[in-house]
Amino acid sequence: MTSTARTASPSPAGEKTPPLLDVDPYSGPVLADPYPFFETLRETAAIVELETYGVYVTGRYEETKIILNDHDRFTAKAGIGIHDIRKPGKFRIPNRLLENDPPSHTSIRGVLTRILSPIVVRRWREHFEKEAVIFADRLVEKGQFDGVEDVAESYVLHVFPEAVGVELPRREALAIGEMSFNQAGPDNELHRAAVKKAEPYLDWYDRSAERESMRPGSIGEMLFEAEERGELEEGVATNMARVFVRGGMDTTIAGIGFTLNQLARNPDQWAILKADPSKARQAFEEAIRHESPSYVNFRTTTRETELSGYHLAADTKIGIFSGCANRDPRFWKEPERYDLTRDTAGIHVAFGFGTHNCIGQMIARLEAECILKALAERAESIELTAEPSYRPVNQLRTLAELPLKVTPRKAA
Ligand code: HEM
C-alpha cells in the first residue's frame with residue numbers, strides 16, 4: 001500500500017471531492033478480469049479516489065484525453081507508475097522521454113521522430129513481410145499452435161530486435177519485460193517475483209543497450225549517432241534503446257495475441273479479413289481498442305486543480321485506465337463488440353494521446369499487419385481449441401496462452 005499523505009484543503013464552492021472506491025486494481029481477480037472493475041470505475045464518477053492507494057483514477061474517455069494532453073496540470077515527471085519517483089525511497093531512473101515534460105520532452109521527441117521517420121519504417125516493411133510469410137507457412141502446416149508463444153512472441157522477438165538493433169534472447173527479454181511492467185505498479189507479490197526472475201539477466205540487460213552492441217543501420221545506432229552529434233544529451237541514447245525494448249516488445253506481443261483471440265471468437269470478423277487480408281491493420285487496431293495492452297499509466301497533479309467538477313489535491317497521482325476509456329459507452333457504440341470495420345485508428349487511446357502518444361505505433365502496426373495478413377492469406381479458418389489464459393502483470397494486460405487451430409486455404 002502506498003497511501004499518499006495529502007494535506008486536506010476544503011474544495012472551492014461547487015467543486016466536489018472525488019468519491020472513494022474500495023477496489024484494488026492490482027489484485028489477482030481484477031487483473032484476471034478487469035472489466036467488472038472498469039464498469040464500476042466508469043459509472044461511479046468521472047474521477048474517483050482508490051482507497052487502497054490514495055490515488056485518483058479515471059476510466060472515462062473524455063477525462064483521459066484531457067489529462068494526457070495537459071502536462072502543465074498533469075506532469076509525467078513523477079513517473080508513469082503508481083509511485084512518485086521523485087520521492088525518497090521511490091527513486092528509479094526515469095524514462096527520459098515518457099517521464100518528462102515539454103520543453104525537454106519536445107526536443108528529444110523531435111530527434112526520435114526523425115529517426116523513426118515513415119521512410120525508415122517503410123524500409124523495414126519488405127523484411128517484416130518476408131519473415132511473416134515464412135512464419136505463416138509454417139503455422140498453417142503445423143495446424144495447431146499457441147497464438148502467444150508460436151505467433152506473437154516468436155514473430156515479434158524475431159523482427160523487432162533487428163530494427164532496434166539489439167540482441168534479444170527470448171528468456172532474457174521476456175523476464176526483463178515482465179519486471180519492468182510490474183515495477184510500475186505497487187510493491188506487491190507480482191513485482192517481487194518478477195524482480196527475482198529477472199535478476200540473473202540484469203547484467204545482460206545493462207550490456208545490451210551499449211553503443212558497441214548496436215547493429216549497423218538500426219534505430220539504436222541512429223540514437224547513438226544523434227548523441228555523438230550533440231542532438232541528444234549524454235545518456236539519452238542508452239536510455240531510449242532500453243525504453244524501446246521494454247515499451248515496444250510486450251505491448252506488441254499482447255496486441256497481436258488479442259487480435260488472434262478476437263478473430264478466432266468471431267467467425268464473421270475472420271470472414272471479413274479472409275475476404276480482404278489488407279484489412280489486417282484494422283483488425284489489429286480494433287483489437288487493441290477492444291482490449292488494450294497498456295493497463296494503467298499515471299500522471300501527477302502539479303497544483304490544486306479542477307476536473308469535470310471535481311477538486312483535485314496538488315502533488316497527487318492520477319491513473320488513466322486506457323482499456324476502460326476504450327470501452328466507455330459515452331463515446332463508443334456497442335463498445336464490447338469486436339468490429340474490425342469500426343473507425344478506430346487515431347481515435348482509441350490504446351497508444352495514449354497528446355504529448356506522449358506512442359512514438360513506436362507505426363512499428364507495432366507494421367509488425368501486426370505483416371503477420372496477420374500473411375496468416376489471413378493462408379488460413380481458411382481459425383478457432384480456439386481451449387479458452388485462452390491471461391498473464392497477471394501490474395501495468396500490462398496480456399495473454400499467457402492462446403491455443404489455436406487453423407486449416408489451410410482451399411484452392412480457388
Ligand atoms: C501495441 C503496441 C504498443 C502499445 C499498446 C503502446 C502503448 C503506448 C502508450 C499507451 C504510450 C503512452 C504512455 C503514456 O502516455 O503514459 C506509449 C508511449 C511510448 N511508446 Fe508505445 N506502445 C506500443 C508499441 C511501441 C513500440 C513498438 C515502441 C518502440 C519502437 C514504443 C515506444 C514508446 C515510447 C518511446 C513512448 C513514449 C513517447 C513519448 O513520451 O513521447 N511503443 N506507448
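Whatever order the structure lists them in is the order used to number ligands and atoms, beginning at 1.
Note that CG of Asp250 is 7.5 Å distant from OG of Ser180, once rounded to the nearest 0.5 Å. Remark: Phe128 CZ to Ile371 CD1 distance equals 11.5 Å, nearest 0.5 Å. How far CD of Glu227 is from OG1 of Thr238: 6.0 Å, rounded to the nearest 0.5 Å.
Ligand 1 is approached by Gly247 to a heavy-atom distance shorter than 4.0 Å. At least one heavy atom of Gly352 sits less than 4.0 Å from an atom of ligand 1. Distances shorter than 4.0 angstrom occur between a heavy atom of Phe284 and an atom of ligand 1.
At the shortest separation from atom 40 (O) of ligand 1 among protein heavy atoms lies His356 ND1, 2.6 Å. In this structure, atom 32 (C) of ligand 1 lies nearest to the protein heavy atom Gly360 N, 4.0 Å. Protein heavy atom nearest atom 15 (O) of ligand 1, with residue, atom name and distance: Arg299 NH2, 2.7 Å. In this structure, atom 34 (C) of ligand 1 lies nearest to the protein heavy atom Ile359 CG2, 3.7 Å. Among all non-hydrogen protein atoms, the one lying nearest atom 22 (N) of ligand 1 is Cys358 SG, 3.1 Å. Summary of contacts: the protein heavy atom closest to atom 1 (C) of ligand 1 is Thr251 O, 3.5 Å. The protein non-hydrogen atom at the shortest distance from atom 26 (C) of ligand 1 is Gly248 CA, 3.3 Å.
With a 4.0 Å heavy-atom cut-off, ligand 1 is reached by the side chain of His105 but not by its N, CA, C or O. Of all the heavy atoms of Thr252, the ones lying under 4.0 Å from any atom of ligand 1 are found in both the backbone and the side chain.
Using a 4.0 Å cut-off to heavy atoms of Ser294, the atoms of ligand 1 that qualify are 10 (C). The atoms of ligand 1 that sit less than 4.0 Å from any heavy atom of Phe351 are 1 (C), 2 (C), 3 (C), 4 (C), 6 (C), 9 (C), 10 (C), 11 (C), 23 (C). Close contacts between ligand 1 and Ile80 involve ligand atoms 16 (O) [criterion: under 4.0 Å to a heavy atom]. Taking every heavy atom of Ala350 and a limit of under 4.0 angstrom, the matching atoms of ligand 1 come to 5 (C), 7 (C), 10 (C). Near Phe160, meaning under 4.0 Å from one of its heavy atoms, ligand 1 places the atoms 27 (C), 30 (C). Atoms of ligand 1 lying under 4.0 Å from at least one heavy atom of Ile363, given by number and element, are 30 (C). Below 4.0 Å from some heavy atom of Asn297 lie the following atoms of ligand 1, by number and element: 10 (C), 13 (C), 14 (C), 16 (O). Atoms of ligand 1 lying under 4.0 Å from any heavy atom of Leu97, numbered from 1 in the order shown and given with element: 35 (C), 37 (C), 38 (C), 39 (C), 40 (O), 41 (O).
Taking 4.5 Å as the limit, every side-chain heavy atom of Glu225 sits out of range of all side-chain heavy atoms of Glu231. Between Pro335 and Arg289 the shortest side-chain heavy-atom distance falls below 4.5 Å. Between His158 and Glu153 there is no side-chain heavy-atom pair separated by less than 4.5 Å.
Residue nearest to atom 38 (C) of ligand 1, selected from Arg109, Glu367, Glu99: Arg109 (by heavy-atom distance).
Across all their heavy atoms, Leu31 and Tyr26 have their closest contact at CD1-O, 3.6 Å. The two atoms that bring Lys65 and Val349 nearest to each other are CG-CG1, 4.2 Å, heavy atoms only.
A donor-acceptor pair shorter than 3.5 Å cannot be found between the side chains of Asn95 and Glu99.
With a 6.0 Å radius and a threshold of 12 heavy atoms from other residues, nucleotides or ligands, Glu233 has its CD atom at or below the threshold.
For His105 and His71, the ring centers are positioned 6.0 Å apart or more.
Across Phe135, Phe145, Phe160, a single residue satisfies ring-ring contact (aromatic ring centres under 6.0 Å, His included) together with Tyr155, and that is Phe135.
The backbone N or O of Ile108 lies less than 3.5 Å from no partner atom in the side chain of Asn100, so there is not a single donor-acceptor pair.
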